[in-house]
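Just follow the structure's listing: the first ligand is 1, and inside any ligand the first atom is 1.
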Amino acid sequence: MERDLDAGRRVSESASEYSELALPNDANGLGNLLGGKIMHLVDLAGAIAAIKHCRNVVVTASVDHMDFLHPVRIGQLVRLRSSVNRAFRTSLEVGVKVWVDDLISGSQRHVSSAFLTFVSIDAEGRGVPVPPVIPETEDEKRRYEEAGARRAYRLSQRPR
Ligand SMILES: CC(C)(COP(=O)(O)OP(=O)(O)OC[C@H]1O[C@@H](n2cnc3c(N)ncnc32)[C@H](O)[C@@H]1OP(=O)(O)O)[C@@H](O)C(=O)NCCC(=O)NCCS
């Protein structure tokens with residue numbers, strides 16, 4: 001039986017993992033993965049968690065600042081974990097953390113992190129209310145609180 005969505009969905013219900021092997025087609029001249037390819041994967045991984053939370057179509061409204069901490073070499077595995085930090089009215093913030101796994105040595109490194117805002121829309125492109133998020137763990141509760149401050153900053157920077 002469908003649960004009452006007004007009560008919200010747990011973070012764990014939509015938390016997702018997405019992986020892709022770094023291939024030569026997406027390399028720069030040095031043989032490392034292009035930053036733009038990682039941004040594309042971040043958008044996809046974020047959208048998966050957002051869609052699972054809303055059970056509806058979403059569009060990307062914004063992506064916060066991103067740093068790239070380590071290069072990804074061709075042949076390594078890019079692994080992305082995404083989870084919904086907080087839902088607002090029609091929008092929600094998703095956090096995505098990117099790791100690179102070297103399949104030969106077994107090493108794992110944190111490459112980048114990003115916060116994305118998705119908006120749930122209908123067929124006419126109008127915003128659709130999203131179910132609230134139920135944070136359960138200490139980390140989820142911290143991210144929930146921090147997402148509120150980030151939203152205020154983000155909207156203050158929005159072009160008029
Ligand atoms: C994102 C989009 C739906 C917002 O539409 P809008 O008419 O400006 O909507 P509103 O002002 O009513 O805002 C709707 C929600 O989006 C949020 N939002 C809008 N712009 C935002 C931004 N730049 N950053 C964060 N949130 C944003 C608002 O806070 C609001 O959230 P809430 O309902 O939870 O309070 C619209 O701009 C759009 O469709 N953009 C293109 C999206 C797209 O195609 N993305 C793929 C890459 S091109």
query = Going through the distances and angles, do Arg142 and Glu138 end up as a salt bridge (Lys or Arg N to Asp or Glu O under 4.0 Å)?
reply = CA-CA 6 Å; Arg142 175 181 52 78; Glu138 285 309 309; over 6 Å; no
task = Start with the C-alpha distance between Asn85 and Val94, add both sets of side-chain angles, then the distance that settles side-chain contact (heavy atoms from CB on, under 4.5 Å), and finish with yes or no.
result = CA-CA 5 Å; Asn85 291 336; Val94 178; over 6 Å; no
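A salt bridge does not link Glu93 with Arg86: none of the charged nitrogens is closer than 4.0 Å to a carboxylate oxygen.
In this structure, atom 45 (N) of ligand 1 has protein heavy atoms in its sub-4.0 angstrom surroundings. Counting only heavy atoms, the protein never gets under 4.0 Å from atom 37 (O) of ligand 1. Taking a distance limit of 4.0 Å, we find that atom 25 (C) of ligand 1 is approached by some protein heavy atom. Under the 4.0 Å distance rule, the nearest protein heavy atom to atom 7 (O) of ligand 1 falls outside the cut-off. Distance screen at 4.0 Å: atom 48 (S) of ligand 1 has no protein heavy-atom neighbour inside the cut-off. There is no protein heavy atom closer than 4.0 angstrom to atom 40 (N) of ligand 1. For atom 2 (C) of ligand 1, no protein heavy-atom neighbour is present inside the 4.0 Å cut-off.
If you number the atoms of ligand 1 from 1 as listed, the ones under 4.0 Å from a heavy atom of Val59 come out as 42 (C), 43 (C). Listed by number with element, the atoms of ligand 1 under 4.0 Å from a non-hydrogen atom of Leu155 are 26 (N), 27 (C), 29 (O). Within the listing of ligand 1, atoms 42 (C), 43 (C), 45 (N), 46 (C) sit less than 4.0 angstrom from a heavy atom of Thr60.
The protein heavy-atom contact nearest to atom 14 (C) of ligand 1 is Thr90 OG1, 3.7 Å. When hydrogens are left out, the protein atom nearest atom 31 (O) of ligand 1 is Ser91 OG, 3.1 Å; that is the closest non-hydrogen contact. Nearest protein neighbour of atom 11 (O) of ligand 1, counting heavy atoms only, is Arg158 NH2, 2.9 Å. Protein heavy atom in closest approach to atom 16 (O) of ligand 1: Val119 CG2, 3.3 Å.
Nearest heavy-atom pair across Val130 and Ser120 is CG1-CB, 3.4 Å. The heavy-atom pair separating Val111 from His70 by the smallest distance is CG1-O, 3.7 Å. Of all heavy-atom pairs spanning Pro135 and Val11, the tightest one is CA-CG2, 4.1 Å.
Residue Leu103 places its CG atom among more than 12 non-hydrogen atoms of other residues, nucleotides or ligands, all under 6.0 Å distant.
The backbone N or O of Leu80 lies less than 3.5 Å from no partner atom in the side chain of Ser82, so there is not a single donor-acceptor pair. Side chain of His53 to main chain of Arg55: no donor-acceptor pair is present (N/O by atom type, distance under 3.5 Å, no hydrogens or angles).
For ligand 1, the polar-atom distance check finds no N/O of Arg154 at less than 3.5 Å from any of the ligand's N/O atoms. For ligand 1, none of its N or O atoms has an N or O atom of Thr117 under 3.5 Å away.
Of the residues listed (Asp64, Asp43, Val58), the one engaging Leu116 in a side-chain contact (heavy atoms from CB on, under 4.5 Å) is Asp43, and it is the only one.
For the pair Arg150 and Phe115, the cation-pi criterion (under 6.0 Å, within 45° of the ring axis) is fulfilled.
At least one heavy atom of Arg151 sits less than 4.0 Å from an atom of ligand 1.
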